[in-house]
2 protein chains.
Amino acid sequence: MEIRGLSGQFNSTLDEKGRILLPAKLRDQLKGCPLVLTRGIDKCLWLFPEDEWKGVSDVLLENSSLFKSKSQMIQRRLLAPATDLAIDKNGRIKIPSSLQRSTGLVRDCIFIGLDDHVEIWDEELYIEFEERCEEDIKDAWEELGNQG
Amino acid sequence: MEIRGLSGQFNSTLDEKGRILLPAKLRDQLKGCPLVLTRGIDKCLWLFPEDEWKGVSDVLLENSSLFKSKSQMIQRRLLAPATDLAIDKNGRIKIPSSLQRSTGLVRDCIFIGLDDHVEIWDEELYIEFEERCEEDIKDAWEELGNQG
DNA sequence: ACAAAATCCCACTTTTTACCACTAATATTT
DNA sequence: AAATATTAGTGGTAAAAAGTGGGATTTTGT
């Protein structure tokens with residue numbers, strides 16, 4: 001099942017049991033689809049439809065070798081923490097506590113749809129991150145204009 | 001539906017439910033047209049006719065990749081917050097609360113027509129922004145004089 | 001076998017959305 | 001100019017959808 005066009009930014013809160021409601025619009029797009037959750041680049045989680053994740057992990061494994069420390073690093077950081085996920089009857093997913101910890105997820109979270117996957121951030125950390133990026137974004141935006 | 005020639009500056013107020021009346025002149029030009037609302041560069045919102053926005057988002061997605069942090073940044077900041085919008089029976093649009101927050105919209109707002117899209121600012125923030133720009137213009141002017 | 005944790009399921013609360021009703025302002029007609 | 005119609009702008013209600021909490025049962029690990 002190939003899914004593209006994931007988008008939107010949504011708030012949601014993690015409860016005491018580590019459950020969090022998938023925002024309705026994302027849920028509509030993802031329902032019935034096997035999911036994979038793992039640590040992303042930057043301090044966030046990545047939620048992938050299984051097939052999309054397969055594409056990414058294949059790339060990671062392709063040039064991998066026991067003798068290359070860089071690829072081992074990537075495998076530990078991105079591949080190893082990946083876990084299969086199901087959406088429960090109420091539309092929530094369970095976030096394993098180790099992933100909560102590594103991402104600093106406490107309660108208020110933000111979901112960000114990025115075409116083929118979804119990022120999950122701690123709200124506070126995301127706002128800080130965004131502020132740090134703001135200048136770079138303006139620059140990148142102007143660059144885009146100069147290309148066109 | 002291609003729309004050009006949006007112009008004008010108008011005041012309008014956000015009500016407690018996050019609804020805001022599209023100024024009549026803009027409404028006339030935009031009625032019947034599917035709209036997209038997203039965060040702009042600078043602390044404002046951008047309201048685009050869907051087709052115009054498609055053009056922008058295609059450019060953004062074109063060279064995008066999960067492995068490029070710059071493109072991910074741009075996607076998070078500009079593409080993800082984009083949401084489809086409809087004009088209700090009374091000529092109002094609903095501004096999602098996350099967009100209100102990120103733009104500092106409280107009550108009094110300003111609409112600015114910019115040919116192919118409309119900017120929405122918090123009035124107070126816009127006035128401050130204008131003043132800051134004024135200083136930049138003066139500086140640039142003096143620089144010009146010193147060059148000669 | 002027992003405690004702790006995870007899962008399932010139900011019930012409640014809040015938010016959102018669509019619709020309606022009203023006032024104010026502007027334009028039109030006689 | 002007065003009366004009427006039309007458009008602009010504001011606020012509120014009610015039904016539906018989204019979101020939240022928590023208890024009971026099952027599973028897991030020691």
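Order of the sequence lines sets the chain letters (A, B, ...), proteins ahead of strands, with each chain counted from 1. The shown structure was predicted, so the numbers you read here are calculated from the model rather than taken from an experiment. Computed from heavy atoms alone, side chains included, the values below leave out hydrogens, waters and symmetry copies.
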C/dC19 P sits how many Å from B/K94 NZ, rounded? 17 Å

Which whole-number value in Å describes the distance from B/K31 NZ to D/dA8 C1'? 13 Å

In whole Å, what is the span from the CD1 atom of A/I20 to the P atom of D/dT20? 9 Å

Among B/W53, B/F111, B/F48, find the residue that satisfies the ring-ring contact (aromatic ring centres under 6.0 Å, His included) test when tested with B/H117. B/F48

Rounded distance in Å - CG (B/L26) to C1' (D/dG9): 15 Å

Do A/K17 and D/dG23 share a donor-acceptor pair, side chain to base, under 3.5 Å? yes

Could you tell me whether B/E128 atom CD has more than 12 heavy atoms of other residues or ligands within 6.0 Å of it? yes

Taking atom types as modelled, find out whether A/D115 and B/Q75 have a side-chain donor-acceptor pair closer than 3.5 angstrom. no

Rounded to the nearest angstrom, tell me the gap between atom CZ in B/R27 and atom P in D/dT7. 11 Å

Nucleotide nearest A/E16 when distance is taken to its side chain, options D/dG9, D/dG21, D/dT20: D/dG21

When you measure only distances, ignoring hydrogens and angles, does the side chain of A/R19 come within 3.5 Å of the base of D/dG19 through a donor and an acceptor? no

Closer than 4.0 Å, any side-chain N/O of A/K89 to the OP1 or OP2 of C/dC8? no

Just the rounded figure in Å: distance from C1' of C/dA6 to CD1 of A/I95. 15 Å

If I take atom CD in residue A/Q100 and atom P in nucleotide C/dA5, what distance separates them, rounded to the nearest angstrom? 13 Å

With distance as the sole criterion, is a donor-acceptor pair present between the side chains of A/E119 and A/W121 under 3.5 Å? yes

Under 4.0 Å between any heavy atoms, over every strand shown, what does A/T13 touch: base, sugar-phosphate, or nothing? Just pick one. sugar-phosphate

Counting only heavy atoms not in A/K25 (residues, nucleotides, ligands), do more than 12 fall under 6.0 Å from its NZ? no

Can you find a donor-acceptor pair, distance only, under 3.5 Å between B/D15 side chain and D/dG12 base? no

Counting just side-chain N and O atoms, does B/R92 come under 4.0 Å of either OP1 or OP2 of D/dG11? no

Find the distance A/D88:CG to C/dC10:P and express it as a whole number of Å. 13 Å

Between the base of D/dT10 and the side chain of B/N90, is there a donor-acceptor distance below 3.5 Å? yes

